[in-house]
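Notes to accompany the following structure.
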There are 2 protein chains.
Amino acid sequence: MATGRTHRPATRSRGIPEATVARLPLYLRALTALSERSVPTVSSEELAAAAGVNSAKLRKDFSYLGSYGTRGVGYDVEYLVYQISRELGLTQDWPIVMVGIGNLGAALANYGGFASRGFRVAALIDADPAMVGKPVAGMPVQHIDDLEKIIDENGVSIGVIATPAGAAQQVCDRLVTAGVTSILNFAPTVLSVPDGVDVRKVDLSIELQILAFHEQRKAGEEAGAAEAVVPPVVRGATAPAEGRKGPDGDMPAVMPA
Amino acid sequence: MATGRTHRPATRSRGIPEATVARLPLYLRALTALSERSVPTVSSEELAAAAGVNSAKLRKDFSYLGSYGTRGVGYDVEYLVYQISRELGLTQDWPIVMVGIGNLGAALANYGGFASRGFRVAALIDADPAMVGKPVAGMPVQHIDDLEKIIDENGVSIGVIATPAGAAQQVCDRLVTAGVTSILNFAPTVLSVPDGVDVRKVDLSIELQILAFHEQRKAGEEAGAAEAVVPPVVRGATAPAEGRKGPDGDMPAVMPA
DNA sequence: ATGTCTTTGTGAACGCGTGCACAAAGATGG
DNA sequence: CCATCTTTGTGCACGCGTTCACAAAGACAT
């Protein structure tokens, strides 16, 4: 998962577990594909396979929504698409603003993924005067000075931050003050927000680092606990006594830079 | 979190819980910032605040790595940076390939986030002949026909997929066959891979849908279980019998489009 | 040395999420 | 109408992750 939650910790939202909510979009995508192929019904087994999850988990997830589905038959595809869409709030459309139209922001704006289902880009916003007015994804970039007005006039409650890390918290504060209560953050920073505001983050480098960890582990166990791979730079400071009890071997007491 | 894991389920990797691994990059980032400000030591309380987590959790996370830290004082910033880097495998550098240099792929390639810490973009690859040879992020795009050769010659074990959904599984298969064992997937599809291959996914629209869910819930509870907010389209279809027991109200039986 | 004060490291309890396994429900055929 | 077969919905148990709360460890002053 390339995402991290920053949320009020234990709030089981109206009986639907957070883990289930996170999977609903997955089911919805699989169901939409089936719907386009005019498949009328689908079993939990088939749908689970398409969504890449366990069928028992899928059935339990659906049980939180209600008792849709017919024993001996399966689930009605169209009906389920609607139920999940409604549960996720996709039957209304959500105007969003995107702040920070650099490389990433522009790419996101051009990405069709939003508009398709329930989301509408109300405005693209940047702080650079040179960007203002330039069309991106068929829409002129607006200046951040107008942020509050734009949010207010369009009734925006969801904001996407794609600014550099340094500007993110400041932008976040302005969004929240202007009334935004959900934020998707692409900047590599921890945002702090008041209670009642949801933040989800997408962090490329974190994802890669997690992969690197597993990659290293795979390489390591295949080669036994091989020789010392990296003691390049020497550490001048006080040797950290002897008390270290790191799990693997013992620490090299050095920093590679 | 804008990420979802697709992983062998219960493999506690060498004693370090998966949840902890996912937080290490966060700690590392906070520590690096402290290091740049030449802060020598930091307490679990301070660091936890900077990383946006609970201090007890942070201490427990670090306890899996070993007993770094001095009671009454805190943690040595430089030392901890090194230990975490080593644990994550960032003391070596990882060549990666990125497949699919469209809007998103190009933006990712330009994003400095990789190179900075342990990752090196070995090649940008696309299937479109018109793209081949064009420089993106100071590097010529190569054709996908050379995928296997590139992976082999550079010893690549991590791949990033930024292709359209339709091409993703196919690209994934080729990557895996060529020897890649970790994949970061930006395409909105579920990838299936053999055991031993790690996949992490970053999915924009899923993140937005999760936000929409919470947004809807907030709006709903603030207005009591108010009047029907959105019955714009009329549903003509067959009322689905009576047996439905959805939690809220009762089902509308149809899809708004 | 001894005492005080700070902060770590962790035992223990709790809650959430997952998966098994099965009873109940309904379809289908005779 | 009954038997059989399929598939849902869920009770239950288990394991992971989080959090509390505190003892132990060390720094620091006297």
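The structure displayed is predicted, hence computed values, not measured ones. Naming convention: chains lettered A, B, ... in sequence-line order (proteins, then strands); numbering from 1 in each chain.
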Go nucleotide by nucleotide along DNA chain C from the 5' end; which of A:Arg23 and B:Ser43 gets its closest nucleotide reached first? B:Ser43
To the nearest Å, give me how far apart CD (A:Glu18) and P (C:dG17) are. 8 Å
Protein-nucleotide distance (B:Lys60, atom NZ; C:dA13, atom C1'), rounded to Å: 11 Å
note: A:Tyr75, atom OH; C:dA25, atom P; distance rounded to Å ~ 16 Å
Can you check whether B:Tyr68 has a side-chain N or O nearer than 4.0 Å to OP1 or OP2 of C:dT7? no
Would one find a side-chain N or O of A:Asn54 under 4.0 angstrom from OP1 or OP2 of C:dG17? no
Quick one: label B:Phe62 by what it contacts on the DNA or RNA (base, sugar-phosphate, nothing), any heavy atom closer than 4.0 Å. nothing
Protein-nucleotide distance (A:Gln83, atom CD; D:dT8, atom C1'), rounded to Å: 17 Å
Toward the 5' end of DNA chain C, by each residue's nearest nucleotide, B:Ser44 or A:Asp61: B:Ser44
Is A:Asp203 salt-bridged to B:Arg29, cutoff N-O under 4.0 Å? yes
Of the candidates D:dC20, C:dG17, D:dG9, the side chain of A:Ala19 sits closest to C:dG17
Can you tell me which residue among B:Lys218, B:His214, B:Arg217 is in a side chain to side chain donor-acceptor pair (under 3.5 Å) with A:Asp198? B:Lys218
Take the protein atom OH of B:Tyr27 and the nucleotide atom P of C:dT8, then report the distance between them rounded to whole Å. 13 Å
Nucleotide nearest B:Thr70 (side chain, heavy atoms from C-beta), chosen from D:dG17, D:dT8, D:dA27: D:dA27
Value in whole Å for how far the C1' atom of C:dG9 lies from CG of B:Leu58: 12 Å
4.5 Å side-chain heavy-atom contact, B:Leu208 and A:Trp94: no
Go through the side-chain N and O atoms of B:Gln169 and B:Thr189 and say whether any donor and acceptor fall under 3.5 Å apart. no
By nearest heavy atom, map A:Ser63 and A:Gly72 onto DNA chain D; which one lands nearer the 5' end? A:Gly72
Just the rounded figure in Å: distance from C1' of C:dT7 to CG of B:Leu47. 14 Å
So, does the side chain of A:Arg71 form a donor-acceptor pair with the base of D:dT8 at under 3.5 Å? yes
Return the nearest nucleotide to the side chain of A:Arg59; candidates are D:dT19, D:dG9, C:dG17. D:dG9
Is it the case that the ring center of B:Tyr75 lies less than 6.0 angstrom away from the ring center of B:Phe62? yes
Given atom CG of A:Asp76 and atom P of C:dA27, what is their separation to the nearest angstrom? 13 Å
Indicate whether OP1 or OP2 belonging to D:dG17 is found under 4.0 Å from a side-chain N or O atom of B:Tyr64. no
